[in-house]
Each structure stands twice: as structure tokens, then as C-alpha cells.
Trainee: 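Got a structure here, written out as C-alpha cells. Questions coming.
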Amino acid sequence: MPKLPVPPLPPKLRPRPKRPGEANGTTTPLDAAAEAGITAVDWVDERTQLSGAARWLMFRKVPKGTNWFYTLGTATMFAFLNQAVTGVFLAMYYDPSPTRAYESARYITNEAFLGEFVRGMHKWGSSVMVILIFLHMARTFFFGAYKYPRELNWVIGVVLVILTFVMALTGYLLPFDQRSLWATVVANNITASGPLVGPYLGDFLRAGPEFGATTLSRFYSIHMLLVPGAIAALIGAHLYLVAKLGTTAPPWLRAEIDDKLLEERT
């Protein structure tokens, strides 16, 4: 199978020709900085060949009728990035200890610089991410984008929804106040009541038969390390399949039939 050529650069990304007089050594510091940036990018690209992959991912055909419904997936990804960035800053002050977790959360909210703002973005960002991922899933279902050959992408999306719920559940306990503690106890008891794997999953989340000191550490490690890493990997696979298989046109648009092909068929 012959290898397809790399798509050409868009006109706006092509280097413009120098104007008369610019090549006589009369360059501004801004021109020198731009030239240095281009040289650095070319140096990296010569050794990594990333420009071809970036062009393959970014510049592709989009079906006719694409509208704002198709931006829900990107919005969900940016909501996850918001959770990741704000979570890193919160982790710099948070102490996952049963005796100091609440005090560290209080310090972030009341005393740390922009702590209330960052914690608010993280708290409300989780709700926004849940809403967006459900809207994106509904759009995929009603537009029929889960059908052949995109079944694997649909399965990855379902796993991402489950991991989003796991991240929301494990993060709810971290302030370690009365409301978050007893809400997590109720949620864990519901999980443990499930068939077959329910009791084992409940013991795994509790880190033992009852809630204890190690439960908070387990929830923190799942929330900070395990789930975000899995979500990031699955988002990468999700985007790869979207770029490889393309997106589906809206269901209310029908393919145009060529008159010549119709005459040959009849």
C-alpha cells in the first residue's frame, strides 16, 4: 500500500518572503527572536519528525454540516486539563492525613494566595466535566457516531465516563469533613452491595473492612495518580481514533448522489 504524502502547510503557516531591504542586515530584535524560534523548531523537528504527525492530527477533512455540537469532546478535554492543572496546585498544600486533611483544606481556602479561586475552579470544574462528558456522549449516540467503524472509540468513551465518576467519588472525600466522610461511606456501601465484585471493590476502596486512616490515603492516591493517568492515556487513544477514522456527518444530512453514477446504475 503506497504511503500517502504529508499534507502541505496552510498558507498562513508558510514563511513569508522577505521584503526589499530586509535582507540588508536591518532586522529588528523582534525579527531576530522570531527567526531564532523558527530555527529552534526546525532543529527539534529535524530530529523528531513531529511536524508530520501534528499536521496529520490537526489538518484533516471535516464533514459538511459540522456545528457546535462537535465541540463537546474538546470542551470535555479542556475541563480535564483544568482539573489536572488546578489539582497540581492544590496538591502542593494538601496533606492526606486524617488529622491534618481538613486543616490543609481550610488553609487553602482561607489563607493561601488565590487558594479559594483555585479550589473553586477544581470543585466546580468537576461538575462541569461530568455535564460535558454526558452531553458529548449523548451527541455521539444520537448522531450515530458509535457505529462501524467507531465501536472501539465508543467503548473507550464509556470507560472514560466510568473513570470520571471514580475521580469525582475519590475527590469528594479529600476535604475530610463530616459531609464528605458520611457521603463517601454511603457511596462505598452502595458499591459494596453490587453483585460478584461489589464486596471486593468496597474492601479495596476502604483499604480494609472499615473506614480508617489508610482509606484517605488510598482515595488520594487513586484520585491523584491512578485515575488521571488512565484518563490521559485513554484520551490519547480516543483522539488518535478520531483523527484516523474521522467524524460522522449529522444524521439529517444525506449524501449527494452523482447523476452520472445514477445513470450507470440504472
Side-chain angles (χ1 to χ4, degrees), residues 76 79-112 114-134 137 155-235 237-238:
T76 307
F80 170 72
L81 293 177
N82 168 75
Q83 294 301 98
V85 173
T86 55
V88 169
F89 284 106
L90 291 176
M92 295 179 182
Y93 295 94
Y94 181 74
D95 188 351
S97 169
T99 58
R100 295 185 295 272
Y102 178 80
E103 177 59 27
S104 63
R106 187 205 62 80
Y107 176 81
I108 293 172
T109 304
N110 299 330
E111 300 183 33
L114 293 179
E116 185 177 7
F117 173 73
V118 175
R119 188 182 176 191
M121 288 186 63
H122 195 77
K123 174 184 177 181
W124 296 107
S126 63
S127 301
V128 171
M129 184 176 174
V130 171
I131 294 171
L132 286 174
I133 200 169
F134 266 104
M137 203 169 191
V155 173
I156 293 176
V158 172
V159 176
L160 284 171
V161 171
I162 297 173
L163 290 177
T164 301
F165 274 117
V166 173
M167 189 163 63
L169 172 64
T170 54
Y172 195 80
L173 177 66
L174 299 186
F176 215 62
D177 53 8
Q178 289 293 324
R179 181 175 60 180
S180 63
L181 173 63
W182 293 111
T184 306
V185 170
V186 172
N188 190 77
N189 290 339
I190 295 174
T191 303
S193 64
L196 299 179
V197 298
Y200 301 100
L201 187 58
D203 290 342
F204 171 76
L205 292 175
R206 286 190 305 265
E210 299 292 339
F211 269 77
T214 55
T215 306
L216 181 62
S217 299
R218 176 154 301 186
F219 271 59
Y220 180 70
S221 62
I222 294 173
H223 184 77
M224 275 293 297
L225 300 174
L226 182 62
V227 177
I231 289 179
L234 289 175
I235 287 177
H238 198 70

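Since this is a predicted model, take the numbers as computed values, not measurements. Values reported hereafter were calculated over all heavy atoms of this structure, with side chains retained and with hydrogens, waters and symmetry mates removed.
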Trainee: Quick one: CG on Asn110 to CD on Glu116, what's the gap to the nearest 0.5 Å?
Mentor: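 Interatomic distance, Asn110 CG to Glu116 CD, rounded to 0.5 Å: 7.0 Å.
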Trainee: Looking only at heavy atoms, which two atoms of Gly202 and Ala192 are closest? And how far apart?
Mentor: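 Taking Gly202 first and Ala192 second, the nearest heavy atoms are CA-CB, 4.1 Å.
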Trainee: Run the side chain to side chain contact (heavy atoms under 4.5 Å, CB included) test on Ile222 and Phe204 for me, step by step, so that the C-alpha distance in whole Å, both residues' side-chain angles and the decisive distance to 0.1 Å come before the verdict.
Mentor: CA-CA 11 Å; Ile222 294 173; Phe204 171 76; 3.9 Å; yes
Trainee: Measuring from atom CD1 of Ile162 to atom CG of Leu234, what distance do you get when rounded to the nearest 0.5 angstrom?
Mentor: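 Spacing of CD1 (Ile162) from CG (Leu234) equals 10.5 Å.
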Trainee: At what distance, to the nearest 0.5 angstrom, does CZ of Phe80 lie from CD1 of Ile235?
Mentor: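 Spacing of CZ (Phe80) from CD1 (Ile235) equals 5.0 Å.
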Trainee: Is any side-chain heavy atom of Pro96 closer than 4.5 Å to a side-chain heavy atom of His223?
Mentor: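 They are not in side-chain contact.
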Trainee: Anything under 3.5 Å between a donor and an acceptor, one on a side chain of residues 86-93, the other on a protein residue two or more places apart or in another chain? List them.
Mentor:
| residue | atom | partner | partner atom | Å |
| --- | --- | --- | --- | --- |
| Thr86 | OG1 | Asn82 | O | 2.6 |
| Thr86 | OG1 | Gln83 | O | 3.4 |
| Thr86 | OG1 | His122 | ND1 | 2.8 |

Trainee: How long is the span from the CG atom in Leu160 to the CZ atom in Phe165, to the nearest 0.5 Å?
Mentor: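 Rounded to the nearest 0.5 Å, the CG-CZ separation comes to 12.5 Å.
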Trainee: Please report the interatomic distance CG(Asn189) to OG1(Thr184), rounded to the nearest 0.5 Å.
Mentor: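 If we round to the nearest 0.5 Å, Asn189:CG and Thr184:OG1 are 10.5 Å apart.
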Trainee: Would you say the side chain of Ser127 lies within less than 4.5 Å of the side chain of Val130, judging by non-hydrogen atoms?
Mentor: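 A side-chain contact is absent here, since even the closest heavy-atom pair is not under 4.5 Å.
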Trainee: Which pair of non-hydrogen atoms, one from Leu205 and one from Phe219, has the smallest distance, and what is that distance?
Mentor: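 Looking at all heavy atoms of both residues, the closest pair is O-CE1, 3.0 Å.
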Trainee: Can you tell me how far apart OG1 (Thr164) and CD1 (Ile231) are? Round to the nearest 0.5 Å.
Mentor: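 Output value for this atom pair is 4.5 Å.
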Trainee: Regarding Asn188 and Thr191, do their side chains bring together a donor and an acceptor under 3.5 Å, going by distance alone?
Mentor: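 Checked: Asn188/Thr191 side chains show no N/O donor-acceptor pair below 3.5 Å.
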Trainee: Which atoms form the tightest heavy-atom contact between Ala101 and Ser104, and what is the distance?
Mentor: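 Where Ala101 meets Ser104 most closely, the heavy atoms are O-OG, 2.7 Å.
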Trainee: Please, which pairs that meet salt bridge (Lys or Arg N to Asp or Glu O under 4.0 Å) have at least one residue in residues 80-109, sequence neighbours excluded?
Mentor: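 Sorted pair list: Asp95-Arg100, Glu103-Arg106, Arg106-Glu111.
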Trainee: Between Ser180 and Pro175, which heavy-atom pair has the shortest distance, and what is it?
Mentor: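 Looking at all heavy atoms of both residues, the closest pair is OG-C, 4.2 Å.
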Trainee: Minimum heavy-atom separation for Tyr94 and Leu174, please, with both atom names.
Mentor: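 Between these two residues, the closest heavy atoms are OH-O, 2.5 Å.
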Trainee: Check Pro199 against Gly194 and note the closest heavy-atom contact, atom names and distance.
Mentor: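 Reported closest heavy-atom pair: CD-O, 3.6 Å.
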Trainee: Report, as yes or no, whether the 6.0 Å neighbourhood of atom CZ on Phe211 holds more than 12 heavy atoms from other residues, nucleotides or ligands.
Mentor: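 Yes, because the 6.0 Å sphere around CZ of Phe211 holds more than 12 heavy atoms from other groups.
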Trainee: Report the residues that fulfil salt bridge (Lys or Arg N to Asp or Glu O under 4.0 Å) with Arg206, sequence neighbours left out, ordered by chain and then residue number.
Mentor: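 Per chain and number, Arg206 pairs via salt bridge (Lys or Arg N to Asp or Glu O under 4.0 Å) with Asp203.
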Trainee: Indicate yes or no for a side-chain donor-acceptor contact from Thr215 to the backbone of Gly212 under 3.5 Å, with no hydrogens or angles considered.
Mentor: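 Indeed, once roles are kept as given, a pair shorter than 3.5 Å links the two residues.
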Trainee: Any side-chain heavy atom of Val158 within less than 4.5 Å of one from Met137?
Mentor: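 Yes. Closest side-chain heavy atoms under 4.5 Å.
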